[in-house]
Amino acid sequence: TVSGVSLGLGFNELDETVLTASGSIGAATSVAFGYEDNDAGGRYGIQVAQDLGGNVSLIGDVLNDENDVTTMGLGVYFNF
């Protein structure tokens with residue numbers, strides 16, 4: 001963790017490299033970024049989460065995969 005930002009770097013047996021970064025951008029909002037480099041190409045994404053209180057979060061994300069296909073998601077996450 002550097003200045004409130006968590007950083008990660010990993011490698012595995014499939015010759016994939018993963019880089020992640022996440023941190024808070026407000027009292028109840030967090031943002032995360034990930035990048036994976038593999039034999040098929042690279043994929044990356046970003047996620048923003050807003051804590052709504054009462055163990056409920058609103059989460060939105062965007063992912064671009066190795067085929068240059070972009071997907072987006074938005075949902076409510078309940079933590080029991």
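On a predicted model such as this, the values are computed, not experimentally measured, just so you know.
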Quiz item: Roughly how far, to the nearest 0.5 Å, is the CG atom of N64 from the OG1 atom of T70?
Solution: 4.0 Å

Exercise. Report whether F80 and Y77 are members of the same hydrophobic cluster (ILVMFWY, side-chain heavy atoms less than 4.5 Å apart, transitive linking).
Key: no

Practice problem: Would you give the length of the straight line joining atom CD1 of I46 to atom OG of S22, rounded to the nearest 0.5 angstrom? | Solution: 11.0 Å

Practice problem: Please name the pair of heavy atoms, one in V5 and one in A21, separated by the smallest distance, quoted to 0.1 Å. | Solution: CG1-CB, 4.4 Å

Quiz item: Going from CG on L19 to CG on D37, what distance comes out if it is rounded to the nearest 0.5 angstrom?
Solution: 10.5 Å

Practice problem: With side-chain contact (heavy atoms from CB on, under 4.5 Å) as the test, would you mind laying out the steps for V48 and I59 before giving the verdict? | Solution: CA-CA 6 Å; V48 177; I59 300 175; over 6 Å; no

Self-check item: Contact check, side chains of V56 and V76, non-hydrogen atoms, under 4.5 Å
Solution: yes

Quiz item: Can you tell me how far the OG1 atom of T17 sits from the CG atom of L9, to the nearest 0.5 Å?
Solution: 7.0 Å

Quiz item: Between CD of Q50 and OG of S30, what distance do you get to the nearest 0.5 Å?
Solution: 8.5 Å

Quiz item: Is a side-chain donor or acceptor of N67 paired with a backbone partner of V69 at a separation under 3.5 angstrom?
Solution: no

Self-check item: Shared hydrophobic cluster, M72 / V31 (ILVMFWY, side-chain heavy atoms < 4.5 Å)
Solution: yes

Self-check item: Single-linkage hydrophobic cluster, 4.5 Å side-chain cutoff, F78 and L58 together
Solution: yes

Exercise. Enter the distance from T20:OG1 to L7:CG here, rounded to the nearest 0.5 Å.
Key: 7.5 Å

Quiz item: Shortest non-hydrogen contact from V18 to E36?
Solution: CG2-CG, 4.1 Å

